[in-house]
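Working notes, structure below.
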Amino acid sequence: MKNIYKIVAVVSFLLPAITSCSDDEFLEQTSPDQLTSESFWRNAEDAQSGLVAAYSELESRSNFWDGWQEGRSVVEYFRSDYALPGPDASNYAHWMSIFNFNYTNGHTFLDVIWTTNYKGLNFSNQVLTKVGEMTSEQISDAEKQQILGEATFLRAYYHFKLLTFYEQIIVRTELISNETLDKPLSTRPEAWETVINDFKQAANMLQTVDNTEPGRATKGAALAYLGKAYMYKAGDDTSAETTDFENAVAAFKQIVDGTVGTYALEPDFLSLFNGENENNSESVFELQFKSGDATSWNATRLHAFVGDWSIGGWGGIAASMNLVNTMKSEGMVAGSGLYDNRLYGSLYFKDPFYNDTNTNEMQGGTWDILMTDTYGNTNDNAAYFRKWLPNYVWNNGYVGVNVVLMRYADVLLMYAEALNETGGTPQAIDIINEVRDVHGDMPPITVTAQADVKTQIIHERTMELTLESVRFFDLRRWGMLDSAMQAAGRSNFDATTHAYLPIPLSEIQSNSEIN
């Protein structure tokens with residue numbers, strides 16, 4: 001998948017990037033030799049190019065600075081109760097308004113995230129319509145089904161992302177036309193039905209991970225997101241049904257049983273995030289990046305945003321000491337005699353581990369040396385994130401460190417949670433212990449009651465998935481947003497107002513069906 005991203009720019013010009021609404025669409029093209037949306041879809045190569053365009057909008061990556069690089073990171077990371085603005089964040093009022101929950105519907109990041117996801121939906125719908133119309137002379141039946149399956153997955157993914165961000169969205173399952181350009185908001189139950197049906201259909205059409213090029217959607221990815229959609233729906237008061245957890249169990253079970261491909265936990269936890277072990281057996285769906293070369297450029301500087309000044313980063317984000325204390329709460333009971341291994345793979349902070357000059361220097365220096373050189377003291381009450389950093393941040397500009405969007409560990413923990421909610425607590429305990437052992441080097445848990453296992457799952461998701469864009473959404477579906485934000489001192493937060501982002505002002509102004 002890394003190799004085919006180089007044609008995204010060309011394809012994006014060929015396929016109209018219609019978002020939910022726009023005032024400058026539908027300009028007539030009269031040149032008889034110019035490719036248009038109607039004349040572009042000629043063969044399998046065109047179909048694959050159209051699919052690449054659909055992938056190109058994932059996680060707002062097409063808007064590098066205000067989308068993938070900053071918009072996604074600020075909106076998803078800053079709203080966690082365990083995140084703090086880094087030393088550079090105060091220079092950006094539009095970052096701080098997200099952290100302080102005093103943004104408005106005119107905020108640029110809200111608009112970018114809305115717009116890029118709808119561009120992805122439009123590209124996906126074009127593939128589904130135009131490739132669906134291709135004949136067997138233009139494309140083989142097998143390749144056609146694979147492309148349609150991937151486009152169906154992407155349509156579900158974009159709708160799912162929008163539905164997790166915004167309280168109401170516009171469901172787009174059709175090609176944009178003059179008649180459908182202005183369209184009302186859907187109800188959340190309607191939107192969930194679309195998401196779930198598309199993930200189901202994609203799972204039926206796609207191949208296993210063992211038979212699919214890295215970076216592309218697979219049967220396992222579709223089932224993982226189907227299960228995740230049911231988990232999120234179960235925590236949505238507007239849409240929850242009594243069968244949601246059972247349906248999640250059914251989706252996750254196929255992955256864990258190995259019937260849709262081979263997945264396994266990666267023993268080296270840190271290698272999942274530093275670019276040294278990409279597309280490994282734990283990867284279910286992975287966003288592909290590639291350092292620039294003579295043929296393509298598809299790099300990222302997420303590591304610079306995450307990395308502190310002391311290691312050559314921009315100082316965009318920091319971790320709270322509440323997070324450090326939570327991740328240390330079980331004590332030094334790991335097999336190594338240290339804390340849970342996932343603590344060291346997720347954070348760096350003042351600790352003997354990071355002051356050991358023989359084995360555990362961070363980015364070429366001990367904590368005390370790095371902090372003293374940068375801040376003039378040892379910064380004892382500071383903590384920073386380690387995920388998504390290459391081995392060295394200094395002078396490491398644009399890099400190709402992939403970002404895993406769905407890991408097998410997340411599948412296992414959601415599976416354990418769904419089992420625990422449906423009477424399968426003993427099996428849930430076994431799964432929790434597997435993750436703890438492989439990734440944390442931690443002993444088995446001792447709790448057995450359903451409520452206590454739920455509390456343990458909440459803890460395990462903190463240990464496992466910190467800075468992986470799930471914390472805010474987990475707190476929301478657990479009904480814990482207000483209490484968590486109060487504990488974090490985020491006094492501006494009110495779940496009735498801030499649990500979801502408002503519809504962007506640009507959409508309200510341009511769509512006559514929304515008031």
Side-chain angles (χ1 to χ4, degrees), residues 1-2 5-6 8-9 12 17 19 53 55-80 83-99 103 107-120 157-158 161-162 164-165 215 273-275 278 285-292 296-309 311-319 384-390 392-405 466-472 501 504:
M1 199 64 175
K2 288 186 178 185
Y5 272 124
K6 63 187 177 182
V8 166
S12 295
T19 63
Y55 274 102
S56 72
E57 304 301 322
L58 280 173
E59 302 301 325
S60 302
R61 63 183 298 149
S62 62
N63 284 63
F64 186 77
W65 292 108
D66 55 359
W68 160 257
Q69 191 62 59
E70 294 180 2
R72 172 187 179 272
S73 303
V74 169
V75 171
E76 295 194 356
Y77 299 165
F78 271 31
R79 292 192 298 158
S80 166
L84 294 171
D88 190 47
S90 60
N91 293 319
Y92 303 95
H94 60 307
W95 293 15
M96 294 305 299
S97 66
I98 296 293
F99 179 80
Y103 49 80
H107 196 289
T108 183
F109 290 166
L110 274 60
D111 183 68
V112 167
I113 290 171
W114 179 274
T115 300
T116 53
N117 278 285
Y118 276 107
K119 285 170 65 178
Y157 188 93
Y158 289 121
K161 289 293 291 189
L162 287 162
T164 60
F165 278 126
F273 314 105
N274 63 9
E278 296 177 338
F285 192 51
E286 187 161 329
L287 196 60
Q288 308 290 303
F289 287 102
K290 181 178 183 295
S291 298
S296 64
W297 188 91
N298 180 44
T300 173
R301 296 203 74 178
L302 178 64
H303 66 291
F305 173 85
V306 172
D308 179 58
W309 285 345
I311 57 171
W314 296 337
I317 191 170
Y384 305 105
F385 293 105
R386 193 175 185 183
K387 283 185 176 177
W388 315 124
L389 302 184
Y392 288 93
V393 175
W394 285 107
N395 300 318
N396 208 341
Y398 293 90
V399 300
V401 176
N402 286 359
V403 173
V404 187
L405 300 176
T466 286
L467 210 68
E468 294 185 55
S469 300
V470 300
R471 175 65 177 178
F472 183 89
L501 300 175

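Fair warning: this is a prediction, and the values are worked out from it, not measured in the lab.
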### Message
Any non-hydrogen side-chain atom of Val401 less than 4.5 Å from a side-chain atom of His303?
### Response
no
### Message
What I'd like to find out is whether the side chain of Val393 reaches to under 4.5 Å of the side chain of Val306, using heavy atoms alone.
### Response
no
### Query
Which residues satisfy the ring pair (Phe, Tyr, Trp, His ring centres under 6.0 Å) test with Trp388, sequence neighbours excluded?
Phe273
### Query
Among all residues two or more places apart in sequence or in another chain, which pass the ring pair (Phe, Tyr, Trp, His ring centres under 6.0 Å) test with Tyr398?
Trp297
### Query
Are Asn298 and Arg61 close enough, and set up right, to give a side chain to side chain contact (heavy atoms under 4.5 Å, CB included), and what steps lead you there?
CA-CA 10 Å; Asn298 180 44; Arg61 63 183 298 149; 2.5 Å; yes
### Summary
With sequence neighbours left out, the residues meeting side-chain hydrogen bond (donor to acceptor under 3.5 Å, both in side chains) with Thr164 are none
### Message
Could you report the tightest heavy-atom contact between Gly71 and Ile113, atom names first, then the distance?
### Response
O-CD1, 4.1 Å
### Query
Who passes ring pair (Phe, Tyr, Trp, His ring centres under 6.0 Å) against Tyr77, sequence neighbours left out?
none
### Task
Please lay out, stage by stage, how Arg301 and Trp314 fare under the test side chain to side chain contact (heavy atoms under 4.5 Å, CB included).
CA-CA 10 Å; Arg301 296 203 74 178; Trp314 296 337; 3.7 Å; yes
### Task
Apply side chain to side chain contact (heavy atoms under 4.5 Å, CB included) to the pair Val74 and Phe305, showing each step before the final yes or no.
CA-CA 10 Å; Val74 169; Phe305 173 85; 4.1 Å; yes
### Message
Quiz question: by atom type and distance under 3.5 Å, do the side chains of Ser62 and Glu57 form a donor-acceptor pair?
### Response
yes
### Query
Can you name the side-chain contact (heavy atoms from CB on, under 4.5 Å) partners of Asp111, sequence neighbours left out?
Thr115, Pro504, Ser506
### side-chain contact (heavy atoms from CB on, under 4.5 Å) partners of Ala318, counting only residues at least two apart
Leu84, Tyr384
### Task
Might you point out which heavy atoms bring Asn63 and Thr116 nearest each other, and give the distance in Å?
OD1-CG2, 3.1 Å
### Summary
Taking every heavy atom of Ser90 against every heavy atom of Met96, the minimum-distance pair comes out as CA-CG, 4.1 Å
### Query
side-chain contact (heavy atoms from CB on, under 4.5 Å) with Thr300: which residues, sequence neighbours excluded?
Trp68, Gln69, Phe289, Leu302, Val399
### Query
What is the ring orientation for Tyr92 with Trp95, classed by angle as parallel under 30°, tilted 30 to 60°, or perpendicular over 60°?
parallel
### CG-OG1 distance between Asp66 and Thr108, expressed to the nearest 0.5 angstrom
5.0 Å
### Task
Quick one: closest heavy-atom pair of Ser291 and Gly400, and the distance?
OG-N, 3.0 Å
### Task
Determine the minimum heavy-atom distance between His107 and Phe109, stating which atoms define it.
ND1-N, 3.0 Å
### Task
Under the salt bridge (charged side-chain N to carboxylate O under 4.0 Å, His left out) rule, collect the residues that match up with Arg79, sequence neighbours excluded.
none
### Message
Applying side-chain hydrogen bond (donor to acceptor under 3.5 Å, both in side chains), can you list everything that pairs with Thr466, at least two apart in sequence or on another chain?
### Response
none
#### Entry: Min side-chain heavy-atom separation Glu278-Gln288 under 4.5 Å
no
### Task
Could I get the full list of side-chain contact (heavy atoms from CB on, under 4.5 Å) partners for Ala319, not counting sequence neighbours?
Leu323, Leu347, Ala383, Phe385
### Message
Restricting to ring pair (Phe, Tyr, Trp, His ring centres under 6.0 Å), what partner residues turn up for Phe99, sequence neighbours left out?
### Response
none
#### Entry: Partner residues of Glu76 under the salt bridge (charged side-chain N to carboxylate O under 4.0 Å, His left out) criterion, sequence neighbours left out
Arg72, Lys161
### Summary
Between the CG atom in Asp88 and the CD1 atom in Ile317, the distance rounded to the nearest 0.5 Å is 12.5 Å
#### Entry: Side-chain heavy atoms of Leu405 within contact of Tyr157, under 4.5 Å
yes
### Query
Between the side chains of Asn274 and Arg386, is a donor N or O closer than 3.5 angstrom to an acceptor N or O?
no
### Query
Can you check whether Ser80 reaches Leu467 side chain to side chain, under 4.5 Å on heavy atoms?
no
### Query
Do the side chains of Tyr158 and Leu58 get nearer than 4.5 Å, heavy atoms only?
yes
### Message
To check you understand the geometry: which heavy-atom pair defines the closest contact between Phe78 and Ala89, and what is its length?
### Response
CZ-CB, 4.1 Å
### Task
Please tell me if the side chains of Leu110 and Phe165 come closer than 4.5 Å, counting only heavy atoms from C-beta onward.
no
### Task
Hey, could you give me the CD/OG distance between Glu70 and Ser60, rounded to the nearest 0.5 Å?
12.5 Å
